[in-house]
Protein chains: 2
Amino acid sequence: METIFTTENLYNLLSGRIPSAFNRALLNQFKANGINLTKEQWSILAVLWKKDGCSQQVLADETYRDKPSITRLIDHLEKEGLAERRPDKKDRRLNLIFLTEQGRSLEEGAMKVVDQTVNSAVRDIDPEVIQLVRDTFIRIYNNLETKK
Amino acid sequence: METIFTTENLYNLLSGRIPSAFNRALLNQFKANGINLTKEQWSILAVLWKKDGCSQQVLADETYRDKPSITRLIDHLEKEGLAERRPDKKDRRLNLIFLTEQGRSLEEGAMKVVDQTVNSAVRDIDPEVIQLVRDTFIRIYNNLETKK
DNA sequence: TTTTTGTAGTTGCTTAAACAACCATTGTTA
DNA sequence: TAACAATGGTTGTTTAAGCAACTACAAAAA
């Protein structure tokens, strides 16, 4: 295989430096706007704002986390008063997760900040290039999932 | 601003799903090859293999971590017998970090696994596209650093 | 040369990820 | 329907990130 890339170059691309920087920036913007959320909490809320009342397993699938991680994130959201568990009446194995009024009220402000941060990150970059980057990442993801 | 992207699309690109998948894959490959390293440990060792005897601050800069994170990662590497601290004789503020024989001996095997995993991830993708993705990510990184 | 400023590293705290082991409930099948 | 498998969730453990507060030392400024 002939490429102009060293393993190290590619590793840096794949290993997550940019996402770290992005997540840091997002967190700072939250803080600067008086929104008291970790990026993990926000990622859960982002699902609930669309699918209020879904199960923990759905949250795990949507946010690419395992079940224990969700258990603890929900614990934390409950403690903060942003969401609550309610047992499913039909299937008693399930917890359904509902936003509280407070959890709902964060949506507008948080989404505005995410929007600004995302747009700031990709400013001056050709949308077609962004599209290509996305497509490439999907291919990489599939390559990783389907092993070698 | 007119784009075909929703904030959510872009967020998913920027927030680190692919790196998570990559890091998971790498960890699995380490394990499958009997290499007992976390990805964090490996990322420190990767610097030391090139700059044995550098300071903790250098490790922090090279791996994009803060100083406390490095303190603890080195603690752990010392406990595992892979590296050791030696005070700098000239500047007594500094610890210089040196690989042990055992730490050095991991290089070949680990790099082979990283190499395979990286190549598997980008297989069938045009090198020019990879280059463009890299360049774009560097621009995004700079956008994030120079704030809006 | 004393004071001030900066740099290197550590400790404490909160939050989270990943994995294994586990319990309860539900679904399947023999 | 009784045994077994699958699903949803929790707990325990290890490892790590990120921030603030701190100590020790060095360099620069007064």
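Order of the sequence lines sets the chain letters (A, B, ...), proteins ahead of strands, with each chain counted from 1.
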Distances under 3.5 Å only, N/O to N/O: pair up the protein atoms with those of nucleotides 14-17 of chain D.
from	atom 1	to	atom 2	distance (Å)
D:dA16	OP1	B:T38	OG1	2.7
D:dA16	OP2	B:H76	ND1	3.0
D:dA17	OP1	B:R65	NE	2.4
D:dA17	OP1	B:R65	NH2	3.1

Can you name the residues that form a side chain to side chain donor-acceptor pair (under 3.5 Å) with A:Q56, not counting sequence neighbours?
A:R85, A:N95
Taking only residues two or more places apart in sequence or in another chain, which ones pass side chain to side chain contact (heavy atoms under 4.5 Å, CB included) with A:L73?
A:E40, A:I44, A:R65
What's in the same ILVMFWY side-chain cluster as B:L94, cut-off under 4.5 Å, chained through other members?
B:L96, B:F98
Among residues at least two apart in sequence or on other chains, which ones pass side chain to side chain contact (heavy atoms under 4.5 Å, CB included) with A:K67?
A:Q57
I need the CD1-P distance between B:I74 and C:dA8, as an integer number of Å.
15 Å
Pairing residues for B:R139 by the salt bridge (Lys or Arg N to Asp or Glu O under 4.0 Å) criterion, not counting sequence neighbours:
none
Phosphate contact (C:dT10 OP1 or OP2) by B:Q56 side-chain N/O below 4.0 Å
yes
Phosphate contact (D:dG18 OP1 or OP2) by A:N23 side-chain N/O below 4.0 Å
no
Sequence neighbours excluded, which residues qualify as salt bridge (Lys or Arg N to Asp or Glu O under 4.0 Å) partners of A:D66?
none
Partners meeting side chain to side chain contact (heavy atoms under 4.5 Å, CB included) with B:T100 (sequence neighbours left out)
B:Q102
Any protein N or O atoms within reach of nucleotides 24-26 of chain C? Criterion: under 3.5 Å, listing atom names and distances.
from	atom 1	to	atom 2	distance (Å)
C:dT26	OP1	A:R92	N	2.9
C:dT26	O4'	A:R93	NE	3.4

Could you state the atom-to-atom distance from CZ of A:F30 to P of D:dG18 in whole Å?
16 Å
Tell me which of A:K31 and A:Q57 sits closer to the 5' end of DNA chain D, going by the nucleotide each one is nearest to.
A:Q57
Euclidean distance, atom CG of residue A:L77 to atom P of C:dT15 [Å, nearest integer]
12 Å
When rounded to whole Å, the CG to P distance for the pair B:L59 and C:dA8 reads 12 Å
Every protein N/O lying under 3.5 Å from an N/O of nucleotides 2-5 of chain D:
none

Roughly, in whole Å, what's the span from CG in A:D75 to C1' in C:dA17?
15 Å
Do A:L26 and A:V118 have side-chain heavy atoms sitting under 4.5 Å apart?
no
Nucleotide D:dG8, atom P - distance to CG of A:L94 in whole Å
6 Å
Give the rounded distance in Å between these two atoms: CG of B:N28 and P of C:dA18.
11 Å
Partners passing salt bridge (Lys or Arg N to Asp or Glu O under 4.0 Å) against B:D52 (at least two apart in sequence or in another chain):
B:R104
Separation of D:dG8 C1' from A:R86 CZ (nearest whole Å):
19 Å
As a quick check of understanding, evaluate salt bridge (charged side-chain N to carboxylate O under 4.0 Å, His left out) for B:E62 and B:K50, giving each step before the final call.
CA-CA 11 Å; B:E62 298 268 332; B:K50 303 208 163 193; over 6 Å; no
Does B:R92 have any side chain to side chain contact (heavy atoms under 4.5 Å, CB included) partners at least two apart in sequence or in another chain, and if so, which?
none
